[in-house]
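Proteins get letters first, then strands, A, B, ... in listed order; numbering begins at 1 in each.
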Amino acid sequence: MTVPAGITKRARQLREEIERHNYRYYVLDAPLIPDADYDRLFRELQELEAQYPALVSPDSPTRRIGAAPLSQFAEITHRTPMLSLNNAFDADEVRAFDRRVREALRLRQAEYAAEPKFDGLAVSLTYADGMLVQGATRGDGYTGEEVTANLRTVRAIPLRIAGRRAPALLEVRGEVLMLKAEFEQLNAEQRKRGEKEFVNPRNAAAGSLRQLDPHVTASRRLTFFAYGVGTAAGAPGFTKHSELLDYLERIRFPVSREREVVHDVEGMLDYYHEIGERRARLPYDIDGVVYKVNDLAAQEKLGFVARAPRFAVAHKYPAEEATTTVEAIEVQVGRTGALTPVARLRPVFVGGVTVTNATLHNIDQVRAKDVRVGDVVVVRRAGDVIPEVARVVPEKRPRGAREFDMPAKCPVCGSKVERVESEAIHRCTGGLHCAAQRKQAILHFASRRAMDIEGLGEKLVDQLVDRHMVRTPADLYRLDVAALASLERMAEKSAGNVVAAIENSKRRPLARFIHALGIYHVGEEVAKVLSRHFGSIHALMDAEWEALIAAKEQIQKDNARRRIRNEEPEEPLLPGVGPEIMRSIANFVTQPHNREVIEQLLAAGIELERSMRANSAPSTIRGRTFVLTGTLPNLTRDEARREIEARGGRVSGGVSAKTDYVVVGADPGSKRDKAVELGIKMLDERGLLELMKDSVR
DNA sequence: GATCCTCGAGTTCT
DNA sequence: CTCGAGGATC
């Protein structure tokens, strides 16, 4: 059916008008027309589109809702990682940050863009030729969940970028949150319906965004504030962060009106106090303020350390505190037998959640804070997450309250408890005879970052171990549906899911398997190093550890000598793995019991893949060998090495025919000449960063 | 031997 | 998130 020209025109008018009102209402908070009039416009457009389906376009406001529910979210890799910020908790730390920035930039004064730190969920919105094509959660910073349909329902988020010349690609970064007033209203409704209330706006926003059915998200009235840009192409260039924010505002993204540009530390601290005073009256929750070096070229120069930019810091407001009483101090047993004292508290609402437990870490901490059963204590959430006992209120101590002591015997298995002289931690000596340690070992084996067996949780493992159905990880692979279905809270269906998940876990990268074994001191990183070096589980099991320790020591000595002579050091053997860790591995692999479990696992059909990352995108770095020479402008040699290795590349000491790239910095050594001689590709730092951009970590 | 950094282990609540 | 320990470096 052809659409009459007049109708097409009217539909376009309606869309523009509706989006204009959305903008007035959701972004500027200054509506022009009553809600009833808005509804009338919206209904008219809906009717036109129903009558002439050819009119429907993805940027129509009626399309904000309407996508069908999903069964699960897809995983998205961010083009530019969404990193976290370092925190400052007091003025001194802010001063230290400013000093580091000025020293690195050689400036007497640095300018900062200051803005509130929203307490919501970080998301990334991708616009292609001006159209919103994808929205994703931050996730772990490198990969997040695709929640496009849900983000489309957020009225403050433009479906299309305003203005004539939209960039070819623009990733807008910002925070999705729920206004305090909306939160109160939502909870009132939940209460009326007899449904569970949300504890705070952040959780309500998170819960709403992770709805598989976008209709639910649409009913929750979320809002959004933009604070930055990830990858961009064809966007105007800016020299300052504040200009970038002004641009985002101009193309109709909501940007915090509280933002300011300050010119020194005193300006930062004034801003912090000013926002702090107004915090309670702001329509949304914040947990601090953020300062970013305003000059974008300076930002680039400062670069990154590990997972956080060096050019920005979050200045946090003190955590909310509350008082409660310690009802008991109990002792938990971890995977390695570590005994951890935990304070059981009279439930208290603090920092947006009800807290009933708080770890006391170890006996030294208990003594330092002098926490006793019956004490009145001040509790807060460290970094607004993990509950901790801040201090005791000594005046309120009941008479006769006794000092806490670690038990002499393990509360789970009754074995002797030991504390290695000079170490802070008490340990149960029961090893795998201790049910607690066995349970934790199995949970660790199945955990997401190890063998990733979904559905094998604490409750299930408790039952499996208590009923002697599972003693070692190898026993998991002998479970069948009938056996599992005999357990509590386990019907045929979920039993089937667990069996399938166990079956699914049979193919895993070698590094994950090594990590899953739970060798003391061997976590994810060390497991990767071992996997890369040995390449097979049997090579690891049969290694000559004392010889390796000696060889490593020799290389280190040689390298120390080479450094003094300004020569290139040799590639270190098993970097990050020293004698302690090697002895721990040797100890593990020589125990007949452990060898037997590994053989049983292999016999059960576990296949170990050598690659670090299964199904990862092809990479320009993976499998290539790099040599670094000279000083790079931003990355230290170590950082460059780590970044390359994180992407599956290798960094070696000397140039040879096997070298793929030589990364050349300032004042390069003889290695550049060698590279020229052998005709090996050379890169500067920028070139290396380009390669990394196209390469999955 | 001191010092900085990274990794591992343990922890909370939804 | 925090603490403690091991590793790397000077």
**Request:** Begin with the C-alpha distance, continue with both residues' side-chain angles, and end with the deciding distance and a verdict on side-chain contact (heavy atoms from CB on, under 4.5 Å) for F198(A) and N187(A).
**Result:** CA-CA 7 Å; F198(A) 293 95; N187(A) 262 358; 3.9 Å; yes

**Asked** Would you say a side-chain N or O of K557(A) is under 4.0 Å from OP1 or OP2 of dT9(C)?
**Response** no

**Asked** Hey, can you pull the residues of residues 580-587 of chain A with a non-hydrogen atom under 4.0 angstrom from DNA chain C?
**Response** E580(A), I581(A)

**Complete:** Quick note, side-chain hydrogen bond (donor to acceptor under 3.5 Å, both in side chains) partners involving residues 332-341 of chain A, not counting sequence neighbours, are T336(A)-R427(A)

**Message:** Please pick, from dA9(B), dC3(C), dG6(C), the nucleotide with the shortest atom-to-atom distance to any side-chain atom of Q365(A).
**Reply:** dC3(C)

**Request:** Indicate whether OP1 or OP2 belonging to dA8(C) is found under 4.0 Å from a side-chain N or O atom of Q556(A).
**Result:** yes

**Asked** Can you tell which of dT12(B), dG8(B), dG7(C) lies closest to the side chain of P579(A)?
**Response** dG7(C)

**Message:** Do T324(A) and R346(A) pair up side chain to side chain, a donor and an acceptor below 3.5 Å, judged on atom types alone?
**Reply:** no

**Request:** Not counting sequence neighbours, which residues clear ring pair (Phe, Tyr, Trp, His ring centres under 6.0 Å) with F97(A)? List them please.
**Result:** Y112(A)

**Item:** dC13(B) OP1/OP2 closer than 4.0 Å to side-chain N/O of T354(A)
**Value:** no

**Prompt:** Just how far, in rounded Å, is P of dG7(C) from CG of L548(A)?
**Reply:** 14 Å

**Asked** Under 4.0 Å between a side-chain N or O of T356(A) and OP1 or OP2 of dC13(B)?
**Response** yes

**Request:** Please tell me which of the listed nucleotides, dG7(C), dC7(B), dT12(B), lies nearest to the side chain of V342(A)?
**Result:** dT12(B)

**Request:** Choose from dT11(B), dG6(C), dA8(C) the nucleotide whose nearest atom is closest to any side-chain atom of T340(A).
**Result:** dT11(B)

**Item:** H361(A): partners by ring pair (Phe, Tyr, Trp, His ring centres under 6.0 Å), with sequence neighbours left out
**Value:** none

**Complete:** When rounded to whole Å, the CG to C1' distance for the pair D364(A) and dT2(C) reads 14 Å

**Prompt:** Out of dA9(B), dC7(B), dT12(B), which nucleotide sits closest to the side chain of V526(A)?
**Reply:** dC7(B)

**Request:** Would you indicate, yes or no, if dC13(B) has its OP1 or OP2 atom less than 4.0 angstrom from a side-chain nitrogen or oxygen of N357(A)?
**Result:** yes

**Message:** Run the side-chain contact (heavy atoms from CB on, under 4.5 Å) test against P575(A) and tell me which residues pass, sequence neighbours left out.
**Reply:** V529(A), P572(A)

**Prompt:** Tell me: NZ of K552(A) to C1' of dA8(C), nearest whole Å?
**Reply:** 9 Å

**Message:** Taking ring pair (Phe, Tyr, Trp, His ring centres under 6.0 Å) as the definition, give me every residue that meets it alongside Y272(A), ordered by chain and number, with sequence neighbours left out.
**Reply:** H315(A), Y317(A)

**Closest to side chain of N203(A), choosing from dG8(B), dT14(B), dC3(C)** = dT14(B)

**Request:** Ignoring the backbone of A338(A), work out which of dA5(C), dG4(C), dG10(B) is nearest its side chain.
**Result:** dG10(B)

